[in-house]
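For reference, the structure discussed in these notes is given below.
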Amino acid sequence: MDSSIRAVAKINLYLDVLRRRPDGYHDIATVFLPLEDPADEIRLSTAAPGVLRVTSDHAGVPDGPGNLCWRAAEAFARDTGLAPSWEIAIRKRIPVAAGLGGGSSDAAAVLLALNRRHGEPLSLERLRRLAVGLGADVAFFLAPSPALGEGLGEVLRAVPCRRPLEVVLANPGFPIAAAWAYANRGRVALPPAPSLEAVLAALADPSPEALAPLTYNALEPAILDKFPLVAMLCRGLVEAGCLCGHVSGSGPTVYGLCPAGQGDAIRARLVERFGDDLWTCATRTLASRPEAVTEP
Ligand code: ATP
């Protein structure tokens with residue numbers, strides 16, 4: 001029996017790095033917003049008993065044990081005691097090593113798909129524990145909804161956000177390793193971070209005009225300094241009509257918040273200026289599920 005699941009991407013509307021921990025990782029405060037597009041497609045089908053096979057259609061993504069989906073499936077097998085008999089094929093649509101969380105989202109999709117296929121042997125809490133062991137962002141993708149991420153990003157609290165926001169994304173086509181972005185973030189002076197409380201308050205009933213001045217990424221200045229094309233794309237988003245232009249996560253994908261109804265036109269201007277070799281996407285964030293939004 002084949003099944004197929006969409007693994008969505010995210011942007012970080014706000015990302016502050018609070019401290020380096022003794023283990024070398026960093027405590028952060030970040031606002032994750034899931035996106036309608038782009039999304040990877042994860043196809044799960046049955047293989048011979050004892051067989052686990054993971055392949056993708058993207059040259060930059062390893063097949064087999066190097067793939068996060070493989071690690072997710074192994075963790076699921078270990079935790080449930082089930083022998084793998086799974087073939088996992090990934091159609092990669094999310095740019096790779098791009099700050100959009102693609103690998104983490106794929107891994108979460110595999111955990112959810114396997115759990116569903118086998119009659120939900122693991123509770124959401126157990127899945128969360130497996131997800132955290134795979135990577136800081138994986139837990140967010142188990143139930144992608146606007147959230148504040150603290151700790152390494154895995155301590156999640158739902159953030160009410162009652163409407164989608166239009167965004168345009170652009171990716172310059174080269175990867176940035178998250179480790180590089182964290183290690184180099186102190187090389188360039190940082191502007192003061194806007195108040196996180198103000199961001200969360202503005203998100204509840206979001207307008208792109210109110211949110212744009214509150215967007216922030218502490219990893220961004222060092223990335224813009226090292227990679228001028230990324231700085232050009234941030235400026236290009238604003239010149240094309242966005243209300244802000246920022247790096248998402250550890251980059252190099254940039255996003256801009258759009259005035260309502262402007263996403264497609266802004267994307268078209270960006271393509272006209274930079275050419276259609278540039279990867280771009282006009283999309284929307286996913287709003288909170290209705291039960292997560294309480295009436296004032
Ligand atoms: P984040 O925003 O969570 O920091 P990212 O978008 O920057 O993540 P990914 O696309 O998840 O980065 O890829 C990071 C690395 O993981 C790449 O070097 C890639 O080769 C490897 N990788 C392993 N499995 C996958 C997968 N299923 N999809 C994408 N990359 C994968």
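Whatever order the structure lists them in is the order used to number ligands and atoms, beginning at 1.
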**Prompt:** Just by distance, with hydrogens left out, do Ser4 and Glu41 show a side-chain donor and acceptor under 3.5 Å apart?
**Reply:** yes

**Message:** Looking only at the side chains, is there a donor atom on one of Thr285 and Arg163 sitting less than 3.5 Å from an acceptor on the other?
**Reply:** no

**Complete:** Exactly one of Asp57, Asp37, Asp40 clears side-chain hydrogen bond (donor to acceptor under 3.5 Å, both in side chains) with Arg93, and that residue is Asp57

**Message:** Test: side-chain hydrogen bond (donor to acceptor under 3.5 Å, both in side chains). Region: residues 207-217. Which pairs qualify, not counting sequence neighbours?
**Reply:** Thr215-His246

**Prompt:** Could you give all pairs that pass the side-chain hydrogen bond (donor to acceptor under 3.5 Å, both in side chains) test and reach residues 224-245, with sequence neighbours left out?
**Reply:** Glu239-Arg273

**Asked** Listing by chain and number, which residues have a heavy atom under 4.0 Å from ligand 1?
**Response** Lys10, Gly60, Val61, Pro62, Gly66, Asn67, Leu68, Ile90, Lys92, Val96, Ala97, Ala98, Gly99, Leu100, Gly101, Gly102, Gly103, Ser104, Asp106, Asp137, Ser250

**Request:** Would you please name every residue forming a ring pair (Phe, Tyr, Trp, His ring centres under 6.0 Å) with Phe174, sequence neighbours left out?
**Result:** Phe227

